[in-house]
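Just so you know, these numbers come straight off a predicted model, no measurement behind them. In what follows, chains carry the letters A, B, and so on, assigned in the order in which the sequence lines appear, proteins first and then strands, with residues in each chain numbered from 1.
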2 protein chains.
Amino acid sequence: MPTSKVRTYSLISHEAVHLISNLIKVARKERQYTAQEVAERAGISRGLLQRIEKGDLKCSIGAVFEVAAIVGVKLFDAEATTLMKHILHIEEKLALLPKSVHKRTKVVDDDF
Amino acid sequence: MPTSKVRTYSLISHEAVHLISNLIKVARKERQYTAQEVAERAGISRGLLQRIEKGDLKCSIGAVFEVAAIVGVKLFDAEATTLMKHILHIEEKLALLPKSVHKRTKVVDDDF
DNA sequence: CACTTATGATCCATACATAGATCATAAAAT
DNA sequence: ATTTTATGATCTATGTATGGATCATAAGTG
């Protein structure tokens with residue numbers, strides 16, 4: 001066997017994705033959508049939707065967000081999260097920051 | 001050319017991912033982290049980090065969330081979002097819902 | 001009850017995301 | 001100024017995520 005790569009993720013990532021997946025699953029059932037329906041509307045396969053609803057970390061973020069939007073889960077809408085409020089100035093903030101990060105190569109020459 | 005598949009995404013998905021990517025980029029620079037550093041810590045390539053910071057929808061959600069955690073972007077932490085509050089009962093909620101969604105196959109037989 | 005449909009799981013083939021390298025430019029340091 | 005380092009872009013090879021099918025079971029329907 002050609003030794004497949006096993007990526008490891010932090011707990012917080014697992015939890016976050018698990019959370020989203022549960023939100024999606026609940027929302028879909030509340031709205032009485034069939035897995036097949038949602039998959040078609042999202043332009044993905046039913047199999048992928050299954051993995052998304054299971055919290056598979058390897059699914060593309062686009063697919064996950066697309067499904068979330070379809071079943072009505074507001075992840076980053078202004079009403080749903082405070083995140084959006086901080087965002088408004090993010091582009092400007094980015095412009096002000098230095099373009100690249102340079103590390104000190106020499107140790108600080110503390111003379112004492 | 002073997003006609004590559006072009007997936008289409010809704011505006012909201014684009015915006016959400018774009019938002020996250022900007023948050024990540026700003027956070028990384030504020031903390032003076034090199035792209036190389038962050039990539040290594042996340043266990044991904046610098047190239048992938050570039051795509052993440054660009055808002056590429058095809059990156060895996062695990063990689064994106066991992067990087068976000070490393071640079072200190074709180075996407076779904078209790079303090080950062082109201083989402084977490086709704087979540088607490090999500091598992092119970094899921095348990096109460098019907099296990100599968102069945103569609104009406106016959107049209108409602110409205111007799112008039 | 002019988003019947004239908006949804007879901008979950010598994011397998012395979014292939015399109016594609018990713019790692020890794022290289023190069024050019026830009027920005028910071030000295 | 002020179003030198004060093006970070007970033008952005010591009011290319012290739014390969015591991016793998018995804019689509020599509022199938023099957024078994026569960027869960028509604030009538």
**Q** Whole angstroms only, please: what is the NZ-C1' distance between A:K54 and C:dG8?
**A** 8 Å
**Q** Please determine whether any donor N or O and acceptor N or O are separated by less than 3.5 Å between the side chain of B:R46 and the base of D:dG8.
**A** yes
**Q** Looking at the side chain of B:K99, which of C:dA19, D:dG19, D:dA27 is the nearest nucleotide?
**A** D:dA27
**Q** If you pin B:I44 and B:S100 to their nearest nucleotides in DNA chain C, which one's is more 5'?
**A** B:S100
**Q** Taking the nucleotide of DNA chain D with the closest heavy atom to each, which residue, B:L97 or B:A35, is nearer the 5' end?
**A** B:A35
**Q** Just N and O in the side chain of A:K58: are any of them under 4.0 Å from OP1 or OP2 of C:dC16?
**A** no
**Q** Tell me: CG of B:D56 to P of D:dG8, nearest whole Å?
**A** 15 Å
**Q** If only atom types and distance count, is the side chain of A:R46 paired as donor or acceptor with the main-chain N or O of A:A39 below 3.5 Å?
**A** no
**Q** Rounding to an integer number of Å, can you tell me how far B:E40 CD sits from C:dG20 C1'?
**A** 13 Å
**Q** Can you check whether A:K29 has a side-chain N or O nearer than 4.0 Å to OP1 or OP2 of C:dT7?
**A** no
**Q** Using the side-chain heavy atoms of A:H102, tell me which of these nucleotides is nearest: D:dT18, D:dT5, D:dT7.
**A** D:dT5
**Q** Closer to the 5' end of DNA chain D via nearest nucleotide, is it B:Q36 or B:R7?
**A** B:Q36
**Q** Give a yes/no answer on whether the side chain of B:T34 brings an N or O atom under 4.0 Å of OP1 or OP2 in D:dA6.
**A** yes
**Q** Check every atom of C:dA19, D:dT7, D:dT18 against the side chain of A:S60 and return the nucleotide holding the closest atom.
**A** D:dT18
**Q** What is the separation between atom CD1 on B:I52 and atom C1' on C:dA19, rounded to the nearest whole Å?
**A** 13 Å
**Q** Among the nucleotides C:dA27, C:dA17, C:dA6, which one has an atom lying closest to any side-chain atom of B:R51?
**A** C:dA17
**Q** Let me know the distance between CG of B:L48 and C1' of C:dA21, rounded to the nearest Å.
**A** 16 Å
**Q** Can you name the nearest heavy-atom pair linking A:I70 to A:Y33, along with the distance?
**A** O-CE1, 4.1 Å
**Q** B:E15 side chain to B:I12 main-chain N or O, any donor-acceptor pair under 3.5 Å?
**A** no
**Q** Need to verify one output field. Residue with the more 5' nearest nucleotide on DNA chain C, B:A63 or A:G47?
**A** A:G47
**Q** For A:L49 and D:dA17, what is the distance between atoms CG and C1' respectively, to the nearest whole Å?
**A** 15 Å
**Q** Does a salt bridge link B:R28 with B:E53, judged by any charged N lying under 4.0 Å from a carboxylate O?
**A** yes
**Q** Measure from CD on B:Q32 to C1' on D:dT7 and round the result to the nearest Å.
**A** 15 Å
**Q** Can a side chain N or O of A:K25 be found less than 4.0 Å away from OP1 or OP2 on C:dG8?
**A** yes
**Q** Please tell me which of the listed nucleotides, D:dA6, D:dA9, C:dA6, lies nearest to the side chain of B:V101?
**A** C:dA6
**Q** Counting side-chain heavy atoms from C-beta on, which of C:dA17, C:dT18, D:dA27 comes nearest to B:C59?
**A** C:dT18
**Q** Kindly point out which of D:dA9, D:dG28, D:dT7 is positioned nearest to the side chain of B:P98?
**A** D:dG28
**Q** Tell me if a side-chain donor or acceptor on A:K29 pairs with a main-chain N or O of B:K99 at a distance below 3.5 Å.
**A** yes
**Q** Without swapping roles, check the side chain of B:S45 against the backbone of B:L48 for a donor-acceptor pair under 3.5 Å.
**A** yes
